[in-house]
Structure formats: structure tokens, C-alpha cells
Amino acid sequence: ALPTPSFSSVRSMLVQNNGRVILCETHDSTSTEIIRSAVTKSGQKFNGIWYSGLCHTTYLGIPDSETLSPFQRALLLALDGELKRRTSNRSLCAAFDADSGGDVAEIPALVTLLNLVGVGMLVVEDKTVSAPGQKVNSLATASASQAQADPNEFAKVIRAFKAVTTNGGPMVTARVESFCCRSSKSDPDEEKRSYGEAHEDALRRAKIYREAGVDTIMIHSKSKSPDEVLRFLREYREFNLDTPLVVVPTTYSKTPKDVLYDAGANVIIYANHLMRAKISAVSSISDKIMSQDLNLFYDDEDLRTMIEARNYGCLLRKLRNRSYWGEESKETKMYR
Ligand code: SPV
Ligand code: MG
């Protein structure tokens, strides 16, 4: 049976949090529940999760190239038992990476599944994918391989999504890829011109997508500097105060979130950090085992907790209390 929705809407999260929402990538139930229970000492919490295409496909062991359509990935999520396992009542919202949107004929089924899961935002990027398996990740260094869609054709995709989403359903986000698809030039003058063109193109597209009825706009970038994103946010805000704006500080992750919010961002997505943490932690531990560096896990309290925990929520709470905060936080005490 399909699970009942487990998430709050992104709309209500935006209202509750004065238009400032922060999401973190998840790729399995443990990550989702760690995000749910993550509270900093200052009391700050994630508002929700990002179902990243890159991390979902990495988890499945396939490339991030739309070999599986967005509909097929949503189906895997809907059938995944993780959605039923909650360690606390703290609400999260969820955003789904719908890649290029997939086959237009599958859009009604995709939206139906996302509704069932409780996803509050779906993000569609304005790239064309000539055949399954041909999508290129936005952060790939070879920009030439990234084909940006004709904006008016993409507006039709947005309308197809909007035609099947209701007010209570997921917000539709158009992801503007002008900066990612721009090829880098060796000549500095040409480089400047190319940047200027991408900036104008991004603003023009954002207006077209807004007119097509999109709920929110994501501006993506693979620059190490936040400058092009910040300039876009400020200039877009000059003519439109209402559209929530979404950013993904992966390459420019040294930028503090308040700098992005102050420039006009509303939703900040940390899109791949838990999968990257897992890869480095697992590599390091497995290397240590093989090199017989055996001062690992000398203290077996984590192991005892795993074995003796009566349920999944109890396990995560115990691990969190012990490993991360030293002392138990008020929040976890409440759910004990
Ligand atoms: C993802 O997380 O799959 C994204 C963001 O689409 S990026 O990888 O930066 O393209
Ligand atoms: Mg993606």
C-alpha cells in the first residue's frame, strides 16, 4: 500500500518561517531521521529534506542522467518504507528533484505520486534530455554538453505541471540553468560578455516561467563565487517581490545562509552533503580496517545501542544523544 503523506507543505513552512526555509539532502531513512532530529545548540533546525536526483541515483548505483525517469524515481520513494518510519512528530517539508520533468505524458502520474508522498515542492530544470540516460548534471565541468531548453517550450512543461497540481499540492519550481549551461571562455572579454548574456538570459527566462504560472524560481550556478546568484536574486527582486526564490549553494557553499536570504533567497538547499559525508566516512573506515588500524570503535556503546534499541526511533535518538551532543537536548527528551 502507498504510504500516507508524512510531510508538511513547503507553502506553510515558508509562512511559518518568515520566508526563510532550509533543506538538506537525504537518500535513506537514517539520513531523513537525522535531519529531523538535527538541532544546533542555538536551536536552529532544518525545515525539510531534498530528494536529490544526484544522491538518489548515487544511492542506487546509477549515473545522474535520467536513466530512471522522474516518475520512476518518485515511485521508488512512494514505495519506500522510510516514509512511514518517523522518530518524532517534528514536521519536515520535502522537495523533489524532478530533473527535466521527464515525459510530458507521465506528468499527471508523477504529480499524483508526489502528492501521495506529501512532497511540497517539485523542481524542474530547463534542460532538454534527448533520450533516457542523456541528462547531464548541472555541475558537470563540460558545459557544452548541457542543452538548455527553448524557454517557450519549457513554459509548456510548466503549464503541464500546473494543470495537474492543486493549491494543496506541490509548488512547481522552475530551475533556471543559464549559468550552468554557459560555456567558459578563455578570453576575459568574451568571458565577461558570456556572463552578461547568461545573466540577462536567466532574468528573461524567470519572467517567462513566472508568466507560465510557476510558483517558485530556482537559480542554479556552478561558480565557486556566489556573485552571479546574488546579483540575480537582487535584480529579480527589483521587479518581483512575491515569487519565492530557491538556491543551491554547493559550489559556493562558503557563503553564509543569511547572505543568501538577505539578497532575496527563500529556500536554501544543501543538496548532496550527507551522501558526500557518507562516502568519505565509509572510505576512511574501510581503509582503516584493511590497514589494520584497529583503534576503531574501541568503545562499543554505539554497537550496544544498535543491538538493544527496541525501535528505529529509539536507536537514532540514542545515537544522536551520545555521538553528537554529549548531553541530551530538550527536543529529544520530549520524544523519549
Ligand atoms: C541534485 O541534487 O540532484 C541537483 C542539484 O539537481 S545539482 O546536483 O547541483 O545539479
Ligand atoms: Mg538533480
Side-chain angles (χ1 to χ4, degrees), residues 10 21-28 31-32 35 46 48-74 76-77 93-102 110 114 119 121-129 132-143 145-149 154 157 161 170-182 198 202 216-226 228-229 232 245-255 257 260 265 267-279:
V10 174
V21 161
I22 181 163
L23 309 181
C24 186
E25 170 265 318
T26 183
H27 53 272
D28 61 14
S31 308
T32 303
I35 293 167
F46 284 111
I49 55 174
W50 166 240
Y51 284 122
S52 154
L54 173 61
C55 298
H56 194 185
T57 50
T58 302
Y59 176 75
L60 295 169
I62 55 174
D64 179 22
S65 61
E66 268 192 58
T67 319
L68 289 183
S69 69
F71 168 71
Q72 288 163 330
R73 281 203 302 103
L76 289 177
L77 278 187
C93 61
F96 178 80
D97 178 0
D99 293 331
S100 70
L110 170 59
L114 296 179
V119 163
M121 177 185 279
L122 63 89
V123 179
V124 202
E125 63 196 60
D126 63 356
K127 290 220 294 269
T128 50
V129 177
Q134 297 301 312
K135 194 204 76 157
V136 180
N137 180 279
S138 307
L139 305 182
T141 31
S143 318
S145 56
Q146 311 226 14
Q148 202 171 9
F154 187 70
V157 175
F161 272 102
M171 296 175 100
V172 179
T173 301
R175 166 168 158 175
V176 177
E177 292 278 301
S178 307
F179 293 131
C180 296
C181 294
R182 171 171 86 98
T216 72
I217 299 280
M218 176 191 283
I219 183 70
H220 204 12
S221 162
K222 59 182 170 188
S223 169
K224 286 211 157 67
S225 152
E228 60 193 21
V229 167
F232 175 92
L245 296 174
V246 185
V247 295
V248 186
T250 296
T251 50
Y252 55 98
S253 67
K254 288 190 177 156
T255 313
K257 64 181 176 19
L260 297 164
V267 179
I268 301 181
I269 302 179
Y270 288 90
N272 41 53
H273 300 74
L274 299 198
M275 177 55 92
R276 285 158 69 183
K278 180 190 268 184
I279 291 170

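Ligands are counted one by one from 1 in listed order, and the atoms in each one are counted from 1 as well. As the structure is a prediction and not an experimental result, all values here were calculated from the model. We use all heavy atoms of the structure for the numbers below, so side chains are in, but hydrogens, waters and symmetry mates are not.
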Sub-4.0 Å atoms of ligand 1 with respect to non-hydrogen atoms of Leu139: 9 (O)
Proximal atoms of ligand 1 relative to Ser138 (non-hydrogen, under 4.0 Å): 10 (O)
Arg73 side chain reached by Phe96 side chain, heavy atoms, under 4.5 Å: yes
Parallel, tilted or perpendicular: ring planes of Phe179 versus Phe232, cut at 30 and 60 degrees: perpendicular
Per-atom contacts, ligand 1 versus Gly53 - under 4.0 Å to a heavy atom: 1 (C), 3 (O)
Contact atoms of ligand 1, heavy-atom distance to Ala271 under 4.0 Å: 2 (O)
Cut-off under 2.8 Å, centre the Mg ion (ligand 2), protein N/O/S atoms: Asp97 OD2
Pick from Val136, Asp97, Thr57: the one approaching atom 1 (C) of ligand 1 most closely through a non-hydrogen atom: Asp97
Least distance between heavy atoms, Glu25 atom then Ile35 atom: O-CD1, 3.4 Å
Qualifying residue for side-chain contact (heavy atoms from CB on, under 4.5 Å) with Lys135, from Thr57, Thr67, Asp64: Asp64
Options His220, Arg175, Lys222, ranked by nearest heavy atom to atom 9 (O) of ligand 1, top entry: His220
Ser225 to Tyr252 - nearest heavy-atom pair and separation: C-CB, 3.9 Å
Ser223 side chain to Glu228 side chain, donor-acceptor N/O pair below 3.5 angstrom: no
Polar proximity ligand 1 side, Thr250 side, N/O cut 3.5 Å exclusive: no
Nearest heavy-atom neighbours spanning Ala271 and Thr250: CB-OG1, 4.1 Å
Non-hydrogen atoms of Glu125 and Ser138 that approach each other most closely: OE2-OG, 4.3 Å
Parallel, tilted or perpendicular, as decided by the 30° and 60° cut-offs, for the rings of Tyr270 and His273: perpendicular
Nearest-neighbour protein heavy atom for atom 8 (O) of ligand 1, which is reported as residue plus atom name and distance: Asn137 ND2, 3.0 Å
Considering all heavy atoms, the nearest Asp97-Gly53 contact: OD2-N, 2.9 Å
For atom 2 (O) of ligand 1, closest protein heavy-atom neighbour: Ser52 OG, 2.7 Å
